[in-house]
Amino acid sequence: MTVLSSRNVVKRFTEGKQTVEVLKGVSLEARRGEIVALEGPSGSGKTTFLSILGCILTPTEGRVVVDGHEVDASRPGELPAIRRRSIGFVFQQFNLFPALTALENVEYSLNVRGRKGPAARKEAERVLDAVGLADRTSFLPRDLSGGQKQRVAIARALAGAPPLLLADEPTANLDSVAGRQVLETFRDLAKREDRALVIVTHDPQVRTIADRVAVIRDGLLAA
C-alpha cells in the first residue's frame, strides 16, 4: 500500500526581488514496510523536500499525497492535523525534553496527538519495549547514551502508529557502532510494524538497510 506519493514537486522561495527554485520537479513514492534513503549534497533541496513530505511546507507546484491526504490541496491550518495523525519525525538532535523521563517524552507526544491517560502510558511502554528500552523508561535523557536517546526519539515517532516515518540525518550525532544499532532498529521496526520510512542522510551505512536509494542534485532526482 502506498503511504506517500509525490509527483513533479516544485518549490520556489522569493528573496527580495529574486525567486529561487529549490525543487524543480521531484517525484517519489514510499509504500508500507519500505525504507527509502534520500541522499544529496548540502544545498541540493533534500531538506526542503523532506519538509514538504512532512507537511511542514507546501509545494509551489506538483502533487503530494500523505496517507490519502492531498497536502497541496490542504489549507495551511489542516497541515498540523495531518502531521499528528499520519507522520512520525526523527531528528539528528533527538529533541527530547531534558526534564522528562524516556517514558514521559514518548507519552507527551501521544498527549499532543490527543491520546491521554492509561492508554497513552501503555502505548508509550509498548513502543519503548519495541526499540529495546523497556529497562530505561524511568531514565532522564542525561542518563542515556546517544544511541539510546535516538531510540527514544524513534519510539516517540512510532507512538500512535503513524504510517509514515521521516528521519532527518538520524545517525549524524552518533558514532559508527551506535549509528549501526539505530539503523538496525529502524529496519526491524519498519518491516515488523509495516511503516514507510524515508531517511535523509549523508551516512553510507543507511544504504545497507534501504530498499531503495534516491539522490537529489540541484533540485532534481538524479537518474
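These figures come from a predicted structure and were not determined experimentally. Along the sequence shown, residues carry numbers from 1.
Arg156 places a side-chain N or O within 3.5 Å of a backbone atom of Asn95 that can act as its donor or acceptor partner. Formation of a donor-acceptor pair under 3.5 Å by the Arg63 side chain with backbone atoms of Ser5 is not found in this model. Looking only at distances, a side-chain donor or acceptor of Arg195 sits under 3.5 Å from a matching main-chain atom of Pro162. The main-chain N or O of Gly25 is never found under 3.5 Å from a side-chain atom of Asn8 such that the two would form a donor-acceptor pair.
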- [ ] Would you check, one step at a time, whether the test salt bridge (Lys or Arg N to Asp or Glu O under 4.0 Å) holds for Glu29 with Arg7?
- [x] CA-CA 9 Å; Glu29 288 191 350; Arg7 287 285 181 272; 2.5 Å; yes
- [ ] Kindly indicate, with the supporting measurements, whether the criterion side-chain contact (heavy atoms from CB on, under 4.5 Å) is fulfilled by Ile35 and Phe186.
- [x] CA-CA 9 Å; Ile35 301 172; Phe186 264 132; 5.6 Å; no
- [ ] Go through the steps for Ile52 and Ser6 under the test side-chain contact (heavy atoms from CB on, under 4.5 Å), then give the verdict.
- [x] CA-CA 9 Å; Ile52 291 173; Ser6 66; over 6 Å; no
- [ ] Begin with the C-alpha distance, continue with both residues' side-chain angles, and end with the deciding distance and a verdict on side-chain contact (heavy atoms from CB on, under 4.5 Å) for Val71 and Leu79.
- [x] CA-CA 7 Å; Val71 173; Leu79 296 182; 3.9 Å; yes
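Remark: Phe91 pairs with Phe89 by the ring-ring contact (aromatic ring centres under 6.0 Å, His included) rule, at least two apart or across chains. A search for side chain to side chain contact (heavy atoms under 4.5 Å, CB included) contacts involving Glu184 returns Arg180, Arg187, not counting sequence neighbours. Taking the side chain to side chain contact (heavy atoms under 4.5 Å, CB included) definition, one finds that Ala37 meets it with Val206, Ala210, Val213, sequence neighbours left out. For Lys122, there are no salt bridge (Lys or Arg N to Asp or Glu O under 4.0 Å) partners two or more places apart in sequence or in a different chain. Looking at residues two or more places apart in sequence or on another chain, you find a side chain to side chain contact (heavy atoms under 4.5 Å, CB included) between Arg12 and Val10, Thr19, Glu21, Thr60, Glu61.
Around CZ of Arg142, the count of heavy atoms belonging to other residues, nucleotides or ligands within 6.0 Å does not exceed 12. Taking a 6.0 Å sphere around CZ of Arg32, one finds it holds more than 12 heavy atoms contributed by other residues, nucleotides or ligands. By the 6.0 Å contact criterion, CG on Asp218 is open, its count of non-hydrogen atoms from other residues, nucleotides or ligands being 12 or less.
The other residues sharing a hydrophobic cluster with Phe97 are Leu100, Tyr108, Val112, where clustering joins ILVMFWY side chains under 4.5 Å apart.
The pair Lys46-Glu39 does not meet the salt-bridge criterion, since no charged nitrogen lies less than 4.0 angstrom from a carboxylate oxygen.
Here the closest heavy-atom approach between residue Val66 and residue Cys55 is recorded as CG2-SG, 4.3 Å.
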